[in-house]
Amino acid sequence: MIQPVSALSPKVSYRGSNYANGNPINRRMERRLAILNAGGISTVVGALTTAIARSYTASWKSAGLFGLGAGAITMLFICPRFLYKSGVKAYKKEKELDVFTKEKEIQTRLLKDVQEAIDNNPENLNTKLDNYSKTQHTEIKFNP
């Protein structure tokens with residue numbers, strides 16, 4: 001089942017067979033967003049460190065070096081964590097959308113088969129409709 005999209009996550013739109021493998025998740029874009037987020041956080045940490053260090057140092061140059069060091073250290077600690085989390089989230093989204101895609105394919109295939117069976121053999125229409133209604137109420141489970 002596809003989870004609801006929150007305000008902070010990008011909207012995932014399903015277009016079916018328009019994609020090469022039927023899955024619109026782009027891992028490269030997820031990695032770039034993670035690096036961008038880590039860079040933004042480290043820039044804020046560096047700026048705050050510079051502002052605080054300026055009150056304790058004689059010049060902006062030495063305060064800027066402290067800020068640059070703090071930003072670099074923050075980037076070294078935060079970036080791998082963000083990259084790992086983005087990889088896990090992308091993998092989870094891919095698996096959820098694969099299940100969604102397979103479910104839609106099975107439903108369309110089932111509807112086509114039922115339509116063909118109704119068209120080819122009209123004398124057993126009631127039994128086919130009963131079978132069709134039973135299959136609509138059963139739950140299809142996949143093991144990804």
Side-chain angles (χ1 to χ4, degrees), residues 1-120 125-144:
M1 173 177 227
I2 295 180
Q3 299 297 321
V5 178
S6 69
L8 300 177
S9 65
K11 182 179 179 183
V12 177
S13 59
Y14 174 74
R15 288 183 173 75
S17 62
N18 291 345
Y19 295 98
N21 61 356
N23 204 338
I25 302 299
N26 188 354
R27 285 185 176 227
R28 183 176 292 157
M29 183 60 73
E30 296 284 336
R31 282 182 63 92
R32 288 178 184 165
L33 287 174
I35 292 171
L36 186 66
N37 286 337
I41 290 173
S42 66
T43 301
V44 169
V45 168
L48 287 174
T49 305
T50 301
I52 292 171
R54 176 61 181 111
S55 63
Y56 294 110
T57 60
S59 68
W60 280 102
K61 183 178 180 181
S62 57
L65 290 175
F66 280 126
L68 187 64
I73 289 172
T74 304
M75 184 73 166
L76 286 175
F77 283 112
I78 289 179
C79 192
R81 180 175 161 221
F82 279 11
L83 288 174
Y84 176 76
K85 282 187 175 183
S86 71
V88 169
K89 285 181 183 178
Y91 180 76
K92 188 190 304 184
K93 286 180 190 177
E94 283 178 355
K95 290 302 174 186
E96 287 174 354
L97 285 173
D98 284 343
V99 169
F100 178 72
T101 305
K102 288 178 184 177
E103 182 180 350
K104 290 297 178 189
E105 288 174 2
I106 288 174
Q107 285 178 354
T108 56
R109 193 177 317 136
L110 181 64
L111 289 173
K112 286 179 184 176
D113 290 344
V114 167
Q115 185 64 39
E116 288 175 5
I118 290 172
D119 291 340
N120 293 338
L125 183 62
N126 288 332
T127 58
K128 290 178 183 178
L129 288 176
D130 289 339
N131 289 337
Y132 175 70
S133 63
K134 288 178 186 175
T135 58
Q136 287 297 318
H137 297 293
T138 59
E139 194 173 307
I140 300 171
K141 294 185 179 182
F142 294 101
N143 291 327

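- For the atom pair CE of Met75 and CD1 of Ile41, the computed distance is 10.0 Å after rounding to the nearest 0.5 Å.
- The shortest non-hydrogen separation linking Ala70 to Val45 is O-CG1, 4.2 Å.
- Annotation: the span from Glu103 atom CD to Gln107 atom CD amounts to 5.0 Å, rounded to 0.5 Å.
- The structure places CG of Asn37 at 10.5 Å from CG of Leu83, a figure rounded to the nearest 0.5 Å.
- Remark: Leu68 CG to Thr50 OG1 distance equals 8.0 Å, nearest 0.5 Å.
- Taking each heavy atom of Gly71 and Ser42 in turn, the nearest pair found is O-CB, 3.2 Å.
- When side chains are defined from C-beta on, Phe82 does not count as touching Leu33, because their heavy atoms never get closer than 4.5 Å.
- Between Ser55 and Ile52 the shortest heavy-atom distance is OG-O, 2.7 Å.
- Here the shortest heavy-atom pairing between Cys79 and Ile35 reads SG-CG1, 4.2 Å.
- Heavy-atom contacts from other residues, nucleotides or ligands closer than 6.0 Å to CZ of Arg31 number 12 or fewer.
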